[in-house]
Q: 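The structure under discussion is supplied below as structure tokens; questions concerning it will follow.
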Protein chains: 4
Amino acid sequence: MASATRRVGAETSATRALIIDATAQLIREQGYAAISTRRVAARAGLKPSLVHYYFPTTDDLLVEVSRHGADQSDRMIEEALASDDPLRALWDFFMDTSRTAMALEFMAMANHREAVRRHMAEHSEAMRQRQVEILRHILGKRIERLEGFDPAGLSLVLAGIGRAIVMEEGLGVKTGHAEARQIVETWLEKLAPDQS
Amino acid sequence: MASATRRVGAETSATRALIIDATAQLIREQGYAAISTRRVAARAGLKPSLVHYYFPTTDDLLVEVSRHGADQSDRMIEEALASDDPLRALWDFFMDTSRTAMALEFMAMANHREAVRRHMAEHSEAMRQRQVEILRHILGKRIERLEGFDPAGLSLVLAGIGRAIVMEEGLGVKTGHAEARQIVETWLEKLAPDQS
Amino acid sequence: MASATRRVGAETSATRALIIDATAQLIREQGYAAISTRRVAARAGLKPSLVHYYFPTTDDLLVEVSRHGADQSDRMIEEALASDDPLRALWDFFMDTSRTAMALEFMAMANHREAVRRHMAEHSEAMRQRQVEILRHILGKRIERLEGFDPAGLSLVLAGIGRAIVMEEGLGVKTGHAEARQIVETWLEKLAPDQS
Amino acid sequence: MASATRRVGAETSATRALIIDATAQLIREQGYAAISTRRVAARAGLKPSLVHYYFPTTDDLLVEVSRHGADQSDRMIEEALASDDPLRALWDFFMDTSRTAMALEFMAMANHREAVRRHMAEHSEAMRQRQVEILRHILGKRIERLEGFDPAGLSLVLAGIGRAIVMEEGLGVKTGHAEARQIVETWLEKLAPDQS
DNA sequence: AATGAATGAGGATTCATTCAT
DNA sequence: GATGAATGAATCCTCATTCAT
């Protein structure tokens, strides 16, 4: 990958990590549009040029932050899929406000940054497929309890509803949230592992 | 409202409309981050200062564009809710790529522009409530055919799934889309008006 | 021409002229590599952003300065070609240190700036052809007094020798200059209008 | 000389040669304005700091590259002057596009870099004098066949015409080139060694 | 002999906004 | 209504150079 060769400074550099952290913080707090060399540097307590020393272009930085977020998501999903009630754990994952808000920022960013879009697309696709693979295995015949559902569709549906709720909460909208959660709840119960 | 007092130029000016249109076009094509007085002016074939003449601040302009988009959505929703198969019409509305993409841009914008956020929140809430009101009336007892669903939840669920599909399509992700549409299809059929 | 549409500010603006002058001065004194928005602005006593207001890109500015220099050259050449001894006047033109030095800067600049290269090429070609046209008319049969010469070749030869002398003088080289001038002198005398 | 004391690393280091080569290449391809520690390092496949290790300042590097080019020119000239038809060989040397283009870059550079200017001046002067010395010896009385010419003047005239042609070719100008070459051709023939 | 980290200055542009006309 | 001029702050990015290792 191109950015790999351009990477400056040890993978493990503390400064590098500091910059990535500061950027993620800023995105979380103020949205992706707030990202600029100066602001990132200020937040990290560094000089702007040092940011460019580690990340020659802003794209390089943002893709790296995206990558970190993706790694974290991957870990969370694996944990969820390995839990007792994988489906409910997955739903909790989709409802994780801070993570979803961050993901939405990267979605928006992807519209304007081809490099980010590429990475997000790859990761989203991989994530969905990983979920399908495990869900198919875990749910087995249970999925038939939800008429019309299949694992791939279920993954997208849960993700979409989760994102909508988080997005609207950020906006300050509330109507329908409890009801939507209730709908999902009904599904989760139907699909819950047999307790026998 | 502050922007009301600041508004310059007749509400009905053709130039005003031109500016709003140009802005909407730009947002649709290049995302909200591409908005700047200069670019809007260039697209509209006007001088930058004229944009400021009509919209003293960029916020004023964006809120106005948001308002226009909202009005259009309102009209589309009323049409949908008045159609033969309101639920399917509503789903088509949620799946309208261009409108949804635009709505997502405004969501992202809302993070950084308090004025836009306020307007988006008000409108989203109103839109949802209007849907609930009509759906409750239209669906009547039919909603019970979908176990666990209620009109408010249904509205959010459809919106969320629609947005997710459009968002992911923009990204280039495909897995699960057909399956998710199939899930919704099952619901729509169950809730379709009795043909008797 | 593209830059025409991009031109901001009245053609006749005093500020515009000020910027062009300042740029020409800087090139003359410090070479083209010394040109930067900041330096031009400082020399003109203006703010850097004002330079960009009049000349959106540095290329726009440099092409404009090149154009001004070309206009001046044109006037000088027309004057020379209209004089009593056009050939000697042309030679004096080629030996004009300040103008030639400036032309050399633009030649160097042309290597790195396509827009400048284009303009320089057009103008040089036109200038040469104008000289050929007039020389052919003026010299008539006299050119035969210099065996092997023809007007087009003569134009290039004089230009080349002139440039070389000016260039080397700038460098601090002296050997051969007087002798080269003597060679040209011999030609000029042979070609001088008959005194009869 | 300052640069002598500042020079670090063995005169004969392969890395040193690599850097000088890379710099020369870059100048040839992109002009001297494209030279920067980073770009040179990238081209040479080295780390930027290593360039500074060998050449503490950019001036040091450029003077060295200039010196190498000069050495090469010297060798080419000695070869030319030792050939059967030294004058024609000299003319071929002046018409060598790549070398002349490079020389012009150094001329332009000399305007802004005193160290380079000094070196260029010394070398040009020496080169001219060496040519005069040999031409005087070689041409002997033959020079009288060209009325008004003398070896020093001839050297400058050939150099000037050659440079002008190469310079204009780079620009894309063509008028008069063939004719100027013809003029020189006439001289060369007149001065060719007697075949008797 | 080599290199990673750091920095301050400067590069071209773009921006929203103000103001006088 | 409309516009040209002006500006200060911000954008990303590149640079030569220094220094400690």
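What you see below is based on every heavy atom in this structure, not just the backbone, and it leaves out hydrogens, waters and symmetry mates. So that the names make sense, note that chain A is the first sequence line, chain B the second, and so on, each numbered from 1. A quick note: this is a predicted structure, and the numbers were derived from the prediction, not measured.
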Q: Using both distances under 3.5 Å as the test, list the Watson-Crick or G-U wobble partner of F:dC12, or none.
A: E:dG11
Q: Separation of B:L50 atom CG from F:dG1 atom C1', in whole Å?
A: 8 Å
Q: Is it true that C:E64 and C:R16 make a salt bridge, defined as a side-chain N closer than 4.0 Å to a carboxylate O?
A: yes
Q: Strictly below 4.0 Å: does C:Y54 bring a side-chain N or O up to OP1 or OP2 of F:dA6?
A: yes
Q: Which atom names give the shortest non-hydrogen contact between C:L62 and C:F106, and what distance separates them?
A: O-CE2, 3.7 Å
Q: Expressed in angstrom and rounded to an integer, what is the separation of C:K47 atom NZ from F:dA6 atom P?
A: 11 Å
Q: Looking at side-chain heavy atoms only, is the closest gap between D:T57 and D:H52 below 4.5 Å?
A: no
Q: Apply side-chain hydrogen bond (donor to acceptor under 3.5 Å, both in side chains) to D:H68 and list each qualifying residue two or more places apart in sequence or on a separate chain.
A: none
Q: For the pair made of CD1 in D:I19 and P in E:dA1, what is the distance, rounded to whole Å?
A: 12 Å
Q: Between protein and nucleotides 16-20 of chain E, what N or O pairs are separated by less than 3.5 Å?
A:
| from | atom 1 | to | atom 2 | distance (Å) |
| --- | --- | --- | --- | --- |
| E:dA16 | OP2 | B:T37 | N | 2.6 |
| E:dA16 | OP2 | B:T37 | OG1 | 3.0 |
| E:dT17 | OP2 | B:T58 | N | 3.1 |
| E:dT17 | OP2 | B:T58 | OG1 | 3.2 |

Q: Closer than 4.0 Å, any side-chain N/O of B:Y53 to the OP1 or OP2 of F:dG1?
A: no
Q: Shortest non-hydrogen contact from C:P48 to C:T37?
A: O-CG2, 3.5 Å
Q: Starting at atom CG of B:L46, determine the distance to atom P of F:dG1, rounded to an integer number of angstrom.
A: 14 Å
Q: The test is side chain to side chain donor-acceptor pair (under 3.5 Å); show your working for C:Y32 and D:H112 and say whether it passes.
A: CA-CA 9 Å; C:Y32 87 91; D:H112 322 297; over 6 Å; no
Q: Under a 3.5 Å cut-off for both contacts, is F:dC19 paired Watson-Crick or G-U wobble with anything, and if yes, with which nucleotide?
A: E:dG4
Q: Quickly work out the A:L61 CG to F:dT11 P distance and round it to whole Å.
A: 14 Å
